[in-house]
There are 2 protein chains.
Amino acid sequence: MAESKKTRRSSGRKATVIDVAKVAGVSKSTVSLVLRGNAGVKAETIEKVNQAIRELGYIYNRDAAGLRSRESNLVAIVANDLANPYLAQVIIALEGQLERLGFMPIVVNINESVTRQTDMVASLKEHNVAGYFITPAPDTDANWLTELANSQHPVVCLMRDVEGALVPTVMPDNRLGMYLSTRYLIGLGHERIAFIGGIASISDYQERKEGFLQAMNEAGLVVKPSDIEPSSTKRQGGKIALNRVLDRAPEITAIVCFTDVVAYGAYTALSERGLTPGKDIAVVGFDDLEDSRLMSPALTTVRVSAEDIGQMACERLQQWRENLTVPESALVGVELVVRSSCCSVGKKARGLA
Amino acid sequence: MAESKKTRRSSGRKATVIDVAKVAGVSKSTVSLVLRGNAGVKAETIEKVNQAIRELGYIYNRDAAGLRSRESNLVAIVANDLANPYLAQVIIALEGQLERLGFMPIVVNINESVTRQTDMVASLKEHNVAGYFITPAPDTDANWLTELANSQHPVVCLMRDVEGALVPTVMPDNRLGMYLSTRYLIGLGHERIAFIGGIASISDYQERKEGFLQAMNEAGLVVKPSDIEPSSTKRQGGKIALNRVLDRAPEITAIVCFTDVVAYGAYTALSERGLTPGKDIAVVGFDDLEDSRLMSPALTTVRVSAEDIGQMACERLQQWRENLTVPESALVGVELVVRSSCCSVGKKARGLA
DNA sequence: CTGAAAGCGCTTACAG
DNA sequence: CTGAAAGCGCTTACAG
């Protein structure tokens, strides 16, 4: 039995729909209906077909199916940086959603390079993917993105907005998140607060900075331009930025970090300066990575649910496919998670002591 | 001009090879030869064809091409855990290599689940990918893997070995790496050394443990079973494992960690215990992640070049495709990177003091 | 619910 | 180097 199966399988070419039809004793069309899960085929027939498929080791040929039907089950997740742990979480959330909808998610990494982004997307077009999720590379051309959406399939931007592009974006409420964390620090009595990390050419940086500035302005606190220090979003960037800012102004008592990873870098730099976060200086992050509650002290940060981002992004893809109408952008809610990395200061601290 | 282009593009169906042939004034066959980069077409003709392609906004249909030629430019990277930063580095290295070879790398995340692995690979088969790189999920069936390699396209395992599977594996010399780091600790005078982190059902865990035990045995040091504490490979796992091991035996003076991430968790736990790595206790990791030199103290660890893994894995894929012969497995070299997380102890420390 | 026929857009011999 | 023809393995109307 096992022997005969093996023989049949390895004998000659791969099985096709025709072979399956023969073995099942039905027509090609019927096999196709079963393969596509079409309603209205007798249960008994379905069973016969599936039996034949197993027997022959038949493998569905999606190249042929896609050529004829012009449809594809592939959805591309075009990721700007696979080494970014928050993005990894978003990808995982997206994958879960997409599979439930019957899509095959494939991720393509562009490493923050517009050139790679252009090349990879061109290849994906040739493969006729059903839709795109994309965290656009810095300096992505708005027209390029709009054309992708027009001429091809649904496109949803994640995490970053490309100004002028007619494409829905799903991203955290960056402004609100930073506003909340900054207000929290102000409430603890901090008056000289620095903002470190992030690359100025990306939309989320601008939004987070605005949230920070808004909170400061509302409290009547001035922000010196030199207290804002952009940097790479890697750990190393946080370390460098923190040192720059504290070298210039040791009187700073609180640090707002562009992301948790930047905050981790700040932790390192502080420790090398003999300063303890949560005691000598306050630090807040953004993202609430899994690791952040394991830092010591545990990092106070802004939580953005990767699950929510994945879900809202998928909803938009579906809406686009079904109604053929371009969905609205969406802001995902944020939440301040208070842990142990912030101390009180000044009158506030004395008052509490 | 811009106007006429637009009109042409949006008028009706997508351009095909036939349209390109008409505009270029050549035959379908010639267009195909140009598309496939076939040698032996006049430069002038190539230019005419490319001009027509641009003019029409022609998009190559890989479903049709794949159906006819049975070839594909897709190579799948089946990743067990996208949240693992070391794996992210390996993926990035692999992508670089694959693109130079003209492949389109797509990554598929299986989240350490055999079920997802089976499902995703089944889908990839339907898409007729040209080859597979795979970091097998725990409890992967050796026969399943062998069959994948037999019946389909080249398969190269990364990082983990599946015992009994007839598939080449490219992974670090785990045994040597741990042997080196343990010897180093022994050289610093440590006698009671714990090994923490890692999941026992995966090959790299066994190999790293063996390297550790070998060094201990050679030095005539006994290892209590309770000084070996497996755990998840996440940061949280390292934290828990460290606490378990030190709760049982506070006299332990050095910790060998399964990975750098586990070591990060150990750092957290130590700090909460009021212990400083590199002063009160020695810690070594494995992987040499980018972050490890930024920890404070900077982590002593075993470096494995992700670039080398990517390169050797690609070589094997190519060899398989070209010679139709299954390549040998390969061990990638390792290197001990001494930084500041290890202290001397006992006679050794006193001698130096 | 089933069958025979056409066709998706390429590539592949093969003849010129 | 080019052209006419066949065919890859499906899905899609359409007739029964």
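Letters go in sequence order (proteins before strands), and every chain restarts at 1. Being a predicted model, the structure only gives us computed values, none of them experimental.
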Could you give the CZ-to-P distance, from B:R68 to C:dT11, as a whole number of Å? 10 Å
Please evaluate residues A:N128 and A:S72 with respect to the criterion side-chain hydrogen bond (donor to acceptor under 3.5 Å, both in side chains), reporting the C-alpha separation (whole Å), side-chain torsions for both, the decisive distance (0.1 Å), and the verdict. CA-CA 7 Å; A:N128 185 34; A:S72 165; 5.3 Å; no
Round to a whole Å and report the spacing from CG of A:N128 to P of D:dC10. 18 Å
Identify the pairs formed between an N or O of the protein and an N or O of nucleotides 1-3 of chain C at a distance under 3.5 Å, and give each distance.
| residue | atom | partner | partner atom | Å |
| --- | --- | --- | --- | --- |
| C:dC1 | OP1 | A:K42 | N | 3.0 |
| C:dC1 | OP2 | A:G40 | O | 2.4 |
| C:dC1 | OP2 | A:V41 | N | 3.4 |
| C:dC1 | O5' | A:G40 | O | 3.3 |
| C:dG3 | OP2 | A:S27 | N | 2.6 |
| C:dG3 | OP2 | A:S27 | OG | 3.2 |
| C:dG3 | N7 | A:S29 | OG | 3.3 |

Let me know the distance between CG of A:D63 and P of C:dC10, rounded to the nearest Å. 13 Å
Crowding at CG, B:L101 (>12 non-hydrogen neighbours, <6.0 Å): yes
Verify side-chain hydrogen bond (donor to acceptor under 3.5 Å, both in side chains) between B:Q311 and B:E315, making sure each step is shown before the conclusion. CA-CA 6 Å; B:Q311 196 196 314; B:E315 279 170 8; 3.1 Å; yes
Using the side-chain heavy atoms of B:R36, tell me which of these nucleotides is nearest: D:dT11, C:dG9, C:dT11. C:dT11
Can you check the A:K14 NZ to D:dG9 C1' distance for me, whole Å? 11 Å
Closest approach of A:P136 to A:R160 (non-hydrogen atoms, all atoms of both residues): O-NH1, 2.7 Å
Between P of C:dC10 and CG of B:L56, the distance in whole Å: 12 Å
In whole angstroms, the gap separating P of C:dC10 from CD of A:E126 amounts to 10 Å
Got a donor-acceptor contact below 3.5 angstrom from the A:R116 side chain to the A:E112 backbone? no
In whole Å, what is the span from the CG atom of B:L67 to the P atom of D:dG9? 7 Å
Within this structure, what is the CD1-to-P distance between A:I59 and D:dG9, rounded to whole angstrom? 13 Å
Can you measure from NE2 (B:H127) to CG (A:L74) and round to the nearest 0.5 angstrom? 4.5 Å
Out of the candidates A:V31, A:D19, A:N50, A:L35, only one should pair with A:Y58 under the side chain to side chain contact (heavy atoms under 4.5 Å, CB included) rule; please name it. A:L35
Report the secondary structure of DNA chain D in dot-bracket form, marking unpaired bases with a dot and bases paired to a different strand with |, and treating Watson-Crick or G-U pairs with both distances under 3.5 Å as paired. |||.||||||||.|||
List the steps, then state whether side-chain hydrogen bond (donor to acceptor under 3.5 Å, both in side chains) holds for B:S32 with B:S29. CA-CA 5 Å; B:S32 182; B:S29 320; over 6 Å; no
Determine yes or no for a side-chain-to-main-chain donor-acceptor pair under 3.5 angstrom, with A:R316 supplying the side chain and A:P327 the backbone. no
Would you say A:S32 places a side-chain N or O within less than 4.0 Å of OP1 or OP2 belonging to D:dT11? yes
D:dT11 phosphate, OP1 or OP2: any side-chain N/O from A:R70 under 4.0 angstrom? no
